[in-house]
Amino acid sequence: MSAAGRARAVTARAAPDGLRLRDVPLILMYHGVADVAEDPNRLHVTPARFAQQLAWLRSRGLRGVGIGELAHAVREGRQRGLVGITFDDGYTSVLDAALPELRRHGFGATVFVISGRLGGTNEWDQGPAWPLLAADQVRELAAAGLEIGSHGATHVRLASLGAPRLAAETGGSRAALAALLGGPVRGFAYPYGSMDAAARQAVRDAGYQYACAVEAAGGELGFMALPRIYAGQQDNAARLAAKRLLYRGYIAVRRRHQ
Ligand SMILES: [Zn+2]
């Protein structure tokens, strides 16, 4: 092979954590599933809307899965027909309202919990407080087949965080959850989607196999920064269909402008 050919072959191959744009999977990001009166941060979908969204996925021949399973499928090139479903923060409404609906469809999902705030509330948000899953409820979700991932130890932004704190939020949280679950924890989700190269390295060093971001562009895109799409109360079938069609184009545009 010529030198130029070799160079092309190298750039065509994805880096260990890298991901080609065409392989970027569709991952939906939820928080709570409940009928709440006041929701300034738009963290909830109603159970009825959630049911409708899962029914839509199924009607398109898609199956909702946790991100551990999805990442494995992407690495093996057999992700067709799979859509990642994630819940950040670990609200009790995931157990009460989302789990029964997921089960009805035979879908999986990943719930990213905050290891140092189990049984607490979302104090970091301005606005109403909602209860977070306690340790035994996290175990209950795991026993029901959902994947449990880490959303940090305390829900702080990881970008620009000092090394000791970064290690506590990533590796410390992983160890705490592994002890709680009695098994390895494979996934991480960055609080607020906040990350930088040091944060991605800390997540990798902590032993996680993948991490979910919100937006990830250019060189960030990879298994340590999987982009996700917000799924909200406004997302009826038409809007979900549009998001599904457009998400790779959106990521591509962000790559070019970085
Ligand atoms: Zn969060």
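Both counts, for ligands and for their atoms, begin at 1 and track the order of listing.
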Original post:
Between the side chains of Glu169 and Thr154, is a donor N or O closer than 3.5 angstrom to an acceptor N or O?
Top reply: yes
Subject >> Nearest atoms (heavy-atom pairs only) where Arg228 meets Cys212 >> reply: NE-CB, 3.5 Å
**OP:** Examine all N, O or S atoms of His31, backbone included, and report whether one is under 2.8 Å from the Zn ion (ligand 1).
**Re:** no
**OP:** Give me the ring orientation class for Tyr210 and Phe112: parallel if the planes are under 30° apart, tilted from 30 to 60°, perpendicular past 60°.
**Re:** perpendicular
Subject >> Atom nearest to the Zn ion (ligand 1) - Asp89, N, O or S atoms considered >> reply: OD1
Original post:
Heavy-atom distance under 4.5 Å between the side chains of Ser150 and Val113, does that happen here?
Top reply: no
Original post:
What's the NE2-the Zn ion (ligand 1)-NE2 angle here (His151, His155), rounded to 10 degrees?
Top reply: 100°
